[in-house]
Amino acid sequence: MSTNFLGSPNILKPFFSIRFSAVPMATFVQSSRTETPQTNPDRTQVEDDAFNKYARQCRPMFSDLVSCVPISEKKSETLHTPNVLDETGGEEDEQEDNLWQQMKIEARSDIDREPILCNYYFSSLLSHDSMESALANHLSMKLSDSSLPSGTLYDLFVGFLIEDQEIVIAVKDDLRAVKERDPACISYVHCFLNFKGFLACQAHRFAHKLWSQGRKILALLIQSRVSEVFAVDIHPGAKIGRGILLDHATGVVIGETAVIGNNVSILHNVTLGGTGKVSGDRHPKIGDGVLIGAGTCVLGNVRIEDGAKIGAGSVVLKQVPARTTAVGNPARLIGGKENPIKLDKFPSLTMDHTSDISKWSDYVI
């Protein structure tokens with residue numbers, strides 16, 4: 001059982017990138033406020049400088065108590081995940097490392113502008129030695145409750161990130177997708193910590209892993225927590241690709257047998273659902289590069305082919321051909337079924353919701 005000392009939910013969390021297999025409680029010792037912050041040989045000089053600045057800024061809120069090693073001395077392995085997955089080798093490694101380094105730079109810059117956030121940034125990101133560790137920690141804190149401890153979720157999520165590099169790649173592709181496509185995203189670290197669409201998508205990846213392993217009860221529990229915390233309801237059986245943007249994300253519902261390809265952008269209040277009580281394979285299949293506008297319902301086992309665009313508020317009940325635009329209730333193809341207007345770019349990347357839609361109707365307000 002963890003205890004909330006001095007109103008700070010993170011005071012029991014170590015500031016360094018060391019995880020413990022169990023953290024039931026921690027002991028505390030007195031420490032003088034005038035003590036010089038200690039250096040750590042495992043950190044770089046830049047990290048030491050940043051940590052010392054953090055200690056000076058945030059320490060007063062802890063009175064004279066500082067967190068010590070938990071009573072349990074048994075440590076779990078530090079998370080280390082190789083960044084290599086294809087023939088590009090070293091270039092891929094450098095890109096992945098640069099993304100994590102960029103996030104840490106952004107975090108330090110945010111602390112300089114808003115010193116009151118130093119505790120939040122260090123416990124959520126800068127105290128970790130990898131993006132994977134930070135993600136497992138951040139999601140476990142978001143999804144935990146009194147009966148589902150954050151330590152239990154952390155161990156579960158870290159295990160998946162260590163054993164399944166496909167999840168790691170997808171996380172990083174999703175992070176880049178949000179930064180590139182959403183003008184409201186001011187930085188990678190902003191997305192990583194605050195964008196619930198991104199976080200809900202990553203939590204689904206863990207739930208889907210559990211579902212695939214036959215651990216359906218736990219997968220459904222995580223789905224329920226994600227729905228409560230982020231207002232996003234994705235069945236753990238749904239298959240989701242990489243480079244996904246759930247923009248705003250509130251009210252997104254995705255059914256059990258839905259399949260979503262790569263580089264797809266989905267706005268808020270979108271439903272990928274069934275048509276009733278049909279069992280079996282009953283949910284939509286979304287191709288690569290598809291853009292689905294806000295408030296859209298795609299119902300039944302229908303396919304939205306690669307590069308298609310669905311206008312906001314549409315109800316789609318039939319297949320939408322590749323590189324076409326469907327709008328309305330019920331949705332109709334712009335240009336007509338026989339000769340629909342073809343898009344020359346992936347709409348999920350351009351995020352262009354309105355081009356050619358004026359040709360759908362002459363009605364003008």
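Quantities reported herein were computed from a predicted structural model and do not represent experimental measurements.
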Flag side-chain contact, heavy atom, 4.5 Å: [X] against [Y]:
{"X": "Leu210", "Y": "Leu156", "value": "yes"}
{"X": "Ile167", "Y": "Lys172", "value": "no"}
{"X": "Ser133", "Y": "Asp129", "value": "yes"}
{"X": "His204", "Y": "Lys209", "value": "no"}
{"X": "Leu125", "Y": "Met103", "value": "yes"}
{"X": "Val264", "Y": "Leu245", "value": "no"}
{"X": "His138", "Y": "Leu193", "value": "yes"}
{"X": "Met141", "Y": "Leu153", "value": "no"}

Any idea how Phe157 and Phe206 line up, ring-wise: parallel (<30°), tilted (30 to 60°), or perpendicular (>60°)?
->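 Geometry flag for Phe206 against Phe157: parallel rings.
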Closest non-hydrogen atom pair between [X] and [Y], with its separation:
{"X": "Ala219", "Y": "Ala207", "result": "CB-O, 3.4 Å"}
{"X": "Phe198", "Y": "Val171", "result": "CE1-O, 3.6 Å"}
{"X": "Ser314", "Y": "Ile310", "result": "CB-CG2, 3.8 Å"}
{"X": "Ala203", "Y": "Val226", "result": "CB-CG2, 3.5 Å"}
{"X": "Val290", "Y": "Gly307", "result": "CG2-N, 4.0 Å"}
{"X": "Leu267", "Y": "Val252", "result": "O-CG2, 3.6 Å"}

Please go through [X]'s hydrophobic cluster and name the other residues, only I, L, V, M, F, W, Y counting, with side-chain heavy atoms under 4.5 Å joining them.
{"X": "Val315", "value": "Leu299, Leu317"}
{"X": "Trp211", "value": "Leu220"}
{"X": "Phe346", "value": "Leu349"}
{"X": "Val253", "value": "none"}

Indicate whether any N or O donor in one side chain lies under 3.5 Å from an N or O acceptor in the other, for Lys179 and Ser187.
->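 Checked: Lys179/Ser187 side chains show no N/O donor-acceptor pair below 3.5 Å.
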Donor + acceptor pair across side chains of Ser144, Tyr154 (<3.5 Å) = no
Cationic N near anionic O, under 4.0 Å, Glu256 to Arg282 |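 Judged by the 4.0 Å cut-off on N to carboxylate O distance, Glu256 and Arg282 do form a salt bridge.
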Do NZ/NE/NH1/NH2 and the carboxylate oxygens of Asp306 and Arg323 come within less than 4.0 Å?
-> no
Any side-chain hydrogen bond (donor to acceptor under 3.5 Å, both in side chains) involving residues 283-297? Give me the pairs, sequence neighbours left out, ordered by first then second residue.
-> Thr257-His283, Asp281-Lys285, Lys285-Asn301
If only atom types and distance count, is the side chain of [X] paired as donor or acceptor with the main-chain N or O of [Y] below 3.5 Å?
{"X": "Ser127", "Y": "Phe122", "answer": "yes"}
{"X": "Asp174", "Y": "Ile244", "answer": "yes"}
{"X": "Ser348", "Y": "Gly289", "answer": "yes"}
{"X": "Ser124", "Y": "Tyr120", "answer": "yes"}
{"X": "His248", "Y": "Gly197", "answer": "no"}
{"X": "Glu305", "Y": "Ala322", "answer": "yes"}
{"X": "Glu106", "Y": "Val189", "answer": "yes"}
{"X": "Ser109", "Y": "Ile105", "answer": "no"}

If you measure from NZ on Lys142 to CD on Gln202, what distance do you get to the nearest 0.5 Å?
-> 14.0 Å
CD1 of Ile254 to CD1 of Ile286, rounded to nearest 0.5 Å, is 8.5 Å
If the condition is side-chain hydrogen bond (donor to acceptor under 3.5 Å, both in side chains), which residues does [X] pass it with, not counting sequence neighbours?
{"X": "Thr350", "result": "none"}
{"X": "Arg225", "result": "Glu228"}
{"X": "Tyr188", "result": "none"}
{"X": "Gln223", "result": "Asp233"}

Would a hydrophobic clustering, with Ile, Leu, Val, Met, Phe, Trp and Tyr connected at side-chain separations under 4.5 Å, put Leu143 with Ile217?
->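 Cluster IDs for Leu143 and Ile217 differ.
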In the single-linkage hydrophobic clustering (I, L, V, M, F, W, Y; side-chain heavy atoms under 4.5 Å), do Ile186 and Leu246 co-cluster?
-> no
Please identify each residue that fulfils salt bridge (charged side-chain N to carboxylate O under 4.0 Å, His left out) with Glu114, with sequence neighbours left out.
->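 Scan of Glu114 (salt bridge (charged side-chain N to carboxylate O under 4.0 Å, His left out), adjacent residues dropped) gives none.
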With sequence neighbours left out, what residues match Asp352 under salt bridge (charged side-chain N to carboxylate O under 4.0 Å, His left out)?
-> none
Expected list for residues 234-243: side-chain donor-acceptor pairs under 3.5 angstrom, two or more places apart:
{"residue": "His235", "atom": "ND1", "partner": "Gly237", "partner atom": "N", "Å": "2.9"}
{"residue": "Arg242", "atom": "NE", "partner": "Asp173", "partner atom": "OD2", "Å": "2.8"}
{"residue": "Arg242", "atom": "NH2", "partner": "Asp173", "partner atom": "OD2", "Å": "2.9"}

Sort out for me which residue in Ile304, Ile260, Val259 forms a side-chain contact (heavy atoms from CB on, under 4.5 Å) with Leu272.
->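 It is Ile260, the one option of Ile304, Ile260, Val259 that forms the side-chain contact (heavy atoms from CB on, under 4.5 Å) with Leu272.
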Report the C-alpha separation of Leu291 and Met351 in whole Å, then their side-chain angles, then the decisive distance to 0.1 Å, and conclude whether the side chain to side chain contact (heavy atoms under 4.5 Å, CB included) test is met.
-> CA-CA 7 Å; Leu291 171 62; Met351 296 297 288; 4.1 Å; yes
